[in-house]
Colleague: 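Questions regarding the structure given below will be posed in turn.
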Amino acid sequence: MVASALPQGPKGGRVMGNMREFNRDALGFVTRCAREFGDVVSTRFLYVPAYFLFNPEHIEYVLATGSKNFIKSMPMRSPFFQRLVGNGLVTSEGDFWRRQRRLSQPAFHHDRVNAYGETMVAFTEQMLARWRDGEVRDAHEEMMLLTQSIVARTLFSADVSGQSEMGEALRTIIHPFASQATLKWILDNRLPTPGHLRFNRAVRKIDGFVYRIIAERRASGEDTGDLLSMLLRAQDEDGSQMTDRQLRDELMTSFLAGHETTALALTWTWYLLAQNPEVEKKLAAELEEVLGGRAPKAEDMPRLKFAEWVIRESMRLYPPLWGVGREAVRECEVGGYRIPKGMQIFAFQWVVQRDPRWYTEPERFRPERWGEEEAARLPRYAYFPFGGGPRQCIGNYFATMEAVLILATVAQRFRLRLVPEHKVELLPTMSLRPRDGVRMKLEMR
C-alpha cells in the first residue's frame, strides 16, 4: 500500500490533544477543521488519535464500500452503551450482528411499518387535545414525550405516558443518554457517581419491565402486531430464535434510537418553520390539497411530497445524529492517506450537509431543493442523516413516516411561533439537541 504523509490537523495540547477545544465548541471545532485543513484531518483526544473525514467519497468508503475494514468507534463500545443496549444492532459486530439484522429486518418492512401509521396519528391527536390556543410549550419536550409513547406502543404495546413507573424510568435513562453523554461521562461510567448510580438503577428497572413483557408474551403466544411479536416469531435459517437477552437488547436499541431521531427532527422542523413563513404557507397549501382537513394516513405518504422535503431539509441543517464514528480493524487507505489499524474515524453530517461544494445556499432552509436537479446531482454521501452502508439505521423508514405524519397532523391544527425572549442554543452530545428546549407559542389555525 502506498499512501502519502499524515494528514494535517489542529495542533492541540501536549496532554489533552484537541479535547478541550472540542468540548468547548464541538460544532465550531469540526467546522473549522474542514475549512482550514481539508477533507481528511488529523486530530487527537488524550491518547486516542482520530481522523475526521469531510468528503462524501471518503465517507462512502468507510461506511459502505470498505465497511469490512471498520467496526463501531470506541465510544459506542463503552460500558455505558453496553449496559444500556447490550449487544443490539447499534453495538454488535460481525456474524452476530448479521444474524440479528437478518432476524430483525422483516419487522421493519414497509408494509409492517405502514400498519403503525394509525397509531402515530392517534397519539398525535391525543397530544393536540391537550394543547390550547395561545399557550406556550416546549416543542422539544412535547415531541420527545409523543415519540416515546408511539415507539413504546409499536415496539411492545406498552403505555409510557403520564407518570407511569416505566415512563419515569425511561426518562431517567434518556437524560444521560441524550443530554449528558459526553466522552467523559461515557468513559467514567464505571465510577459510582450519583448520576451513574441513578442511571444504573433505572436500567435495572427497565430490564425488569422488558423481561416481564417478554415472558408474558412467550407464555401467551399472542401476536399483538407490535415489533416484539415479530421478533418472537423470527427464525434464522437453522431454525434458531432470539434469546430473551437478545430480544431485550433489540427492544432497548429500537426504543432509544427510534424516539430520539424523530423527536429531534420534528423539534428542529418547528424551529425552522417558525423562521420561514413562506415555507410554512407552502406546507399548509399541500396539506389542504391532499388532506382537506382529515387526519393523514400512511397511504398519503406518496402525495405528501413537500412535507417529506421539509423533514429532509430539516435533517440536513440540523441532523439528529450529527457525527458518525468507526474504528479501523485492518490497515487501509482513505483519500490517499494510510489508515492504521485502531485509528478512530469520524464523519460529520453537520459539516458535510452544509458544504457549499454540494449545496447551493447551504445555510438556507429550502425544502424545494429536494425536488430539483440539485438533489439528483448530490454525491451519495453528501446527505447521510441515518448513516449508511450495511450499518444504516434499520428504522429509517419508520422514523421518516412518523415525522411526516406527525408534521401533517399538527400543522393542520396549529402554528408554532418562537417565544422571542427564549434563546435556542445547540447542545451537541450524542445527538444534536436544544440546550434548554425550544419554547414556542401555540396558535390555532
Side-chain angles (χ1 to χ4, degrees), residues 7 9-10 18 21-22 24-41 43 50-63 260-261 264-276 278-279 308-325 335 345-388 392-393 396 399-400 403 418 423-435 438:
N18 305 113
E21 191 174 0
F22 181 85
R24 190 162 51 241
D25 178 13
L27 299 178
F29 175 70
V30 298
T31 301
R32 288 191 297 276
C33 282
R35 184 175 62 243
E36 296 175 12
F37 300 104
D39 286 339
V40 184
V41 180
T43 63
Y51 286 174
F52 291 174
L53 306 183
F54 299 104
N55 188 297
E57 182 180 343
H58 304 159
I59 296 168
E60 181 173 14
Y61 175 79
V62 172
L63 297 184
E260 174 83 357
T261 299
L264 286 171
L266 286 163
T267 296
W268 295 120
T269 296
W270 300 126
Y271 174 72
L272 288 163
L273 285 173
Q275 299 174 83
N276 294 272
E278 73 287 351
V279 175
E308 185 177 348
W309 294 347
V310 166
I311 295 296
R312 185 183 288 242
E313 181 72 346
S314 174
M315 295 182 76
R316 180 185 71 83
L317 285 169
Y318 292 92
L321 180 69
W322 65 278
V324 60
I345 303 290
F346 294 95
F348 297 99
Q349 292 94 328
W350 173 262
V351 178
V352 177
Q353 294 177 183
R354 290 169 173 253
D355 193 322
R357 289 180 295 177
W358 326 122
Y359 298 95
T360 58
E361 300 180 289
E363 302 295 324
R364 184 181 166 197
F365 181 57
R366 193 169 65 81
E368 296 87 348
R369 76 172 74 244
W370 296 105
E372 298 171 354
E373 290 184 5
E374 174 187 344
R377 293 194 304 267
L378 281 177
R380 187 170 181 181
Y381 280 76
Y383 182 78
F384 56 113
F386 294 103
Q392 178 171 306
C393 175
N396 59 342
T400 301
L418 290 168
K423 184 179 181 181
V424 177
E425 295 184 28
L426 295 172
L427 180 64
T429 54
M430 297 306 293
S431 53
L432 188 61
R433 293 178 129 228
R435 183 178 298 277
V438 181

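Numbering starts at 1 and runs along the sequence shown.
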Colleague: Is any side-chain heavy atom of Leu378 less than 4.5 Å from a side-chain heavy atom of Tyr359?
Modeller: yes
Colleague: Does Asn276 reach the main-chain N or O of Val279 with its side chain, forming a donor-acceptor pair under 3.5 Å?
Modeller: no
Colleague: Just wondering, do Asp355 and Phe54 contact through their side chains at under 4.5 Å, heavy atoms?
Modeller: no
Colleague: For the residue pair Phe22 and Phe52, does the interplanar ring angle fall in the parallel (under 30°), tilted (30 to 60°) or perpendicular (over 60°) class?
Modeller: tilted
Colleague: Considering all heavy atoms of both residues, which atom of Trp370 and which atom of Arg316 are nearest to each other, and what is their separation?
Modeller: CZ2-CD, 3.9 Å
Colleague: If you compare all heavy atoms of Leu266 against all heavy atoms of Ala403, which two are closest, and at what distance to 0.1 Å?
Modeller: CD2-O, 3.5 Å
Colleague: Between Trp268 and Tyr318, what is the ring plane arrangement, given parallel below 30°, perpendicular above 60°, and tilted in between?
Modeller: parallel
Colleague: Do the non-hydrogen side-chain atoms of Pro10 and Phe29 ever get within less than 4.5 Å of each other?
Modeller: yes
Colleague: Only counting residues at least two apart or in another chain, list the ones meeting salt bridge (charged side-chain N to carboxylate O under 4.0 Å, His left out) with Glu57.
Modeller: none
Colleague: Side-chain contact, heavy-atom cut-off 4.5 Å: Pro385 with Gln353?
Modeller: yes
Colleague: Report the residues that fulfil side chain to side chain contact (heavy atoms under 4.5 Å, CB included) with Pro320, sequence neighbours left out, ordered by chain and then residue number.
Modeller: Thr261, Leu264, Ala265, Met315
Colleague: Going from SG on Cys393 to CG on Leu321, what distance comes out if it is rounded to the nearest 0.5 angstrom?
Modeller: 9.0 Å
Colleague: At their closest point, which heavy atom of Pro434 faces which heavy atom of Thr267, and how far apart are they?
Modeller: CG-CG2, 4.2 Å
Colleague: Take atom CD of Glu373 as the centre, draw a 6.0 Å sphere, and report whether it contains more than 12 heavy atoms from other residues, nucleotides or ligands.
Modeller: no
Colleague: Using the ring-ring contact (aromatic ring centres under 6.0 Å, His included) criterion, which residues pair with Tyr381? Sequence neighbours excluded.
Modeller: none
Colleague: With a 4.5 Å limit on heavy-atom distance, are the side chains of Trp270 and Val438 in contact?
Modeller: no
Colleague: How long is the span from the CZ atom in Arg32 to the CG atom in Leu27, to the nearest 0.5 Å?
Modeller: 10.0 Å
Colleague: Can you sort out the partners of Arg369 under salt bridge (charged side-chain N to carboxylate O under 4.0 Å, His left out), two or more places apart, ordered by chain and number?
Modeller: Glu313, Glu374
Colleague: Taking all heavy atoms of Ala26 and all of Trp322, pick out the closest pair and write down the distance.
Modeller: CB-CH2, 3.7 Å
Colleague: Any donor-acceptor pair under 3.5 Å linking the side chain of Thr400 with the backbone of Asn396?
Modeller: yes
Colleague: Cationic tip of Arg354 within the cone over Phe365's six-membered ring, i.e. under 6.0 Å and within 45° of the normal?
Modeller: no
Colleague: Calculate, to the nearest 0.5 Å, the distance between atoms NZ and CG belonging to Lys423 and Leu418 respectively.
Modeller: 14.0 Å
Colleague: Kindly determine whether Trp350 and Leu426 satisfy side-chain contact (heavy atoms from CB on, under 4.5 Å), including the steps that lead there.
Modeller: CA-CA 12 Å; Trp350 173 262; Leu426 295 172; 3.7 Å; yes
Colleague: Does a sphere of radius 6.0 Å around CZ in Arg357 hold more than 12 heavy atoms from other residues, nucleotides or ligands, not counting ones at 6.0 Å or beyond?
Modeller: yes
Colleague: Could you walk me through whether Phe384 and Val352 pass the side-chain contact (heavy atoms from CB on, under 4.5 Å) check?
Modeller: CA-CA 9 Å; Phe384 56 113; Val352 177; 4.0 Å; yes
Colleague: Within a strict 4.5 Å, meaning less than it, do heavy atoms of the Val40 and Leu53 side chains meet?
Modeller: yes
Colleague: For Glu361, give me all partners under side chain to side chain contact (heavy atoms under 4.5 Å, CB included), at least two apart in sequence or on another chain.
Modeller: Arg364, Arg366
Colleague: Looking at every non-hydrogen atom in both residues, tell me the closest pair between His58 and Gly335 and how far apart they are.
Modeller: NE2-CA, 3.3 Å
Colleague: Verify side-chain contact (heavy atoms from CB on, under 4.5 Å) between Tyr383 and Trp358, making sure each step is shown before the conclusion.
Modeller: CA-CA 9 Å; Tyr383 182 78; Trp358 326 122; over 6 Å; no
Colleague: Determine, step by step, whether Ile59 and Val324 satisfy the side-chain contact (heavy atoms from CB on, under 4.5 Å) criterion, reporting the C-alpha distance in whole Å, the side-chain angles of both residues, the deciding distance to 0.1 Å, and the verdict.
Modeller: CA-CA 10 Å; Ile59 296 168; Val324 60; 5.7 Å; no
Colleague: Minimum heavy-atom separation for Pro7 to Tyr51, with atom names?
Modeller: CD-OH, 3.5 Å
Colleague: Could you work out, with salt bridge (charged side-chain N to carboxylate O under 4.0 Å, His left out) as the rule, every residue matching Arg435, not counting sequence neighbours?
Modeller: Glu425
Colleague: Hey, does the side chain of Thr269 reach the backbone of Ile311 with a donor-acceptor pair shorter than 3.5 angstrom?
Modeller: no
